[in-house]
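Since the model is a prediction, treat every value here as computed from it, not as a measurement.
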Amino acid sequence: MNVISKRTLIEFYEKHPQAKSALEVWHSDTRKTIWSSPSDIKNIYSSASFLSDNRVVFNIKGNDYRLIVHIDYPRKIVRVKFVGTHAQYDKIDAKEI
């Protein structure tokens with residue numbers, strides 16, 4: 001999958017260094033795979049949550065952080081929409097961000 005944009009992840013973990021390893025692993029694993037449907041994701045990330053408009057919420061580092069992406073399955077593109085702490089996530093509308 002093509003992940004857009006890693007820069008968002010980097011900017012986040014520069015402020016939250018404890019998230020770096022988990023986000024780097026997620027990014028690396030995502031780039032090496034091809035997801036054709038939500039079930040492909042669920043096989044790897046059992047705690048992932050699926051929202052409307054092909055948005056997926058990943059729990060990062062034992063649910064300390066949340067990552068929201070939009071997936072264009074036919075084009076094999078994953079767009080990072082949000083990365084934040086659990087508290088920051090609670091303050092947003094994951095369907096709209």
Side-chain angles (χ1 to χ4, degrees):
M1 303 296 287
N2 183 20
V3 180
I4 303 172
S5 120
K6 185 175 182 184
R7 182 93 205 88
T8 304
L9 302 178
I10 292 169
E11 288 171 357
F12 181 78
Y13 68 61
E14 284 176 344
K15 294 176 186 169
H16 302 271
Q18 61 279 20
K20 181 177 182 176
S21 177
L23 287 171
E24 287 286 342
V25 167
W26 177 89
H27 182 266
S28 176
D29 290 349
T30 300
R31 287 195 40 90
K32 293 176 189 172
T33 194
I34 295 178
W35 293 325
S36 300
S37 69
S39 63
D40 293 340
I41 297 168
K42 204 64 164 170
N43 289 335
I44 300 167
Y45 297 99
S46 61
S47 65
S49 301
F50 299 89
L51 308 174
S52 60
D53 191 33
N54 291 324
R55 289 174 186 256
V56 182
V57 180
F58 293 94
N59 297 322
I60 302 294
K61 194 178 174 280
N63 205 22
D64 288 344
Y65 305 99
R66 292 288 181 96
L67 173 65
I68 302 173
V69 301
H70 173 266
I71 300 177
D72 184 336
Y73 293 101
R75 291 188 177 107
K76 311 298 183 222
I77 297 172
V78 177
R79 288 181 182 86
V80 175
K81 301 301 246 175
F82 170 86
V83 61
T85 65
H86 199 64
Q88 290 168 328
Y89 173 83
D90 287 342
K91 294 178 183 177
I92 64 158
D93 182 348
K95 298 175 193 167
E96 298 296 325
I97 198 157

Connected via hydrophobic side-chain network under 4.5 Å: [X] and [Y]:
{"X": "Y89", "Y": "V69", "value": "no"}
{"X": "I71", "Y": "V57", "value": "no"}
{"X": "F58", "Y": "I44", "value": "yes"}
{"X": "V56", "Y": "I68", "value": "no"}

Hey, does Y73 have a side-chain heavy atom less than 4.5 Å from the side chain of P38?
-> yes

Quick one: does M1's side chain get under 4.5 Å of T33's, heavy atoms only?
-> yes

If you round to the nearest 0.5 Å, how far is [atom2] of [Y] from [atom1] of [X]?
{"X": "K15", "Y": "T85", "atom1": "NZ", "atom2": "OG1", "answer": "12.0 Å"}
{"X": "R31", "Y": "K6", "atom1": "CZ", "atom2": "NZ", "answer": "8.5 Å"}
{"X": "L9", "Y": "E24", "atom1": "CG", "atom2": "CD", "answer": "8.0 Å"}
{"X": "I10", "Y": "E14", "atom1": "CD1", "atom2": "CD", "answer": "7.0 Å"}
{"X": "N54", "Y": "R79", "atom1": "CG", "atom2": "CZ", "answer": "11.0 Å"}
{"X": "W26", "Y": "L67", "atom1": "CH2", "atom2": "CG", "answer": "5.0 Å"}

Residue pairs passing the side chain to side chain donor-acceptor pair (under 3.5 Å) test where at least one lies in residues 42-53, sequence neighbours excluded = S47-N59

Can you check side chain to side chain contact (heavy atoms under 4.5 Å, CB included) on L23 and Y65, steps first, answer last?
-> CA-CA 9 Å; L23 287 171; Y65 305 99; over 6 Å; no

What's the shortest heavy-atom distance between H86 and R66, and which atoms?
-> CE1-NH2, 2.9 Å

Looking at L51 and A94, what are the two nearest heavy atoms and their distance?
-> CD1-CB, 3.6 Å

When you check the gap from the basic side-chain N to the acidic O, do K81 and E96 get nearer than 4.0 Å?
-> no

With sequence neighbours excluded, tell me which residues meet ring pair (Phe, Tyr, Trp, His ring centres under 6.0 Å) with F82.
-> none

Side chain to side chain contact (heavy atoms under 4.5 Å, CB included) between E11 and V83, worked out | CA-CA 10 Å; E11 288 171 357; V83 61; over 6 Å; no

Are the side chain of R75 and the backbone of N2 linked by a donor-acceptor contact shorter than 3.5 Å?
-> no

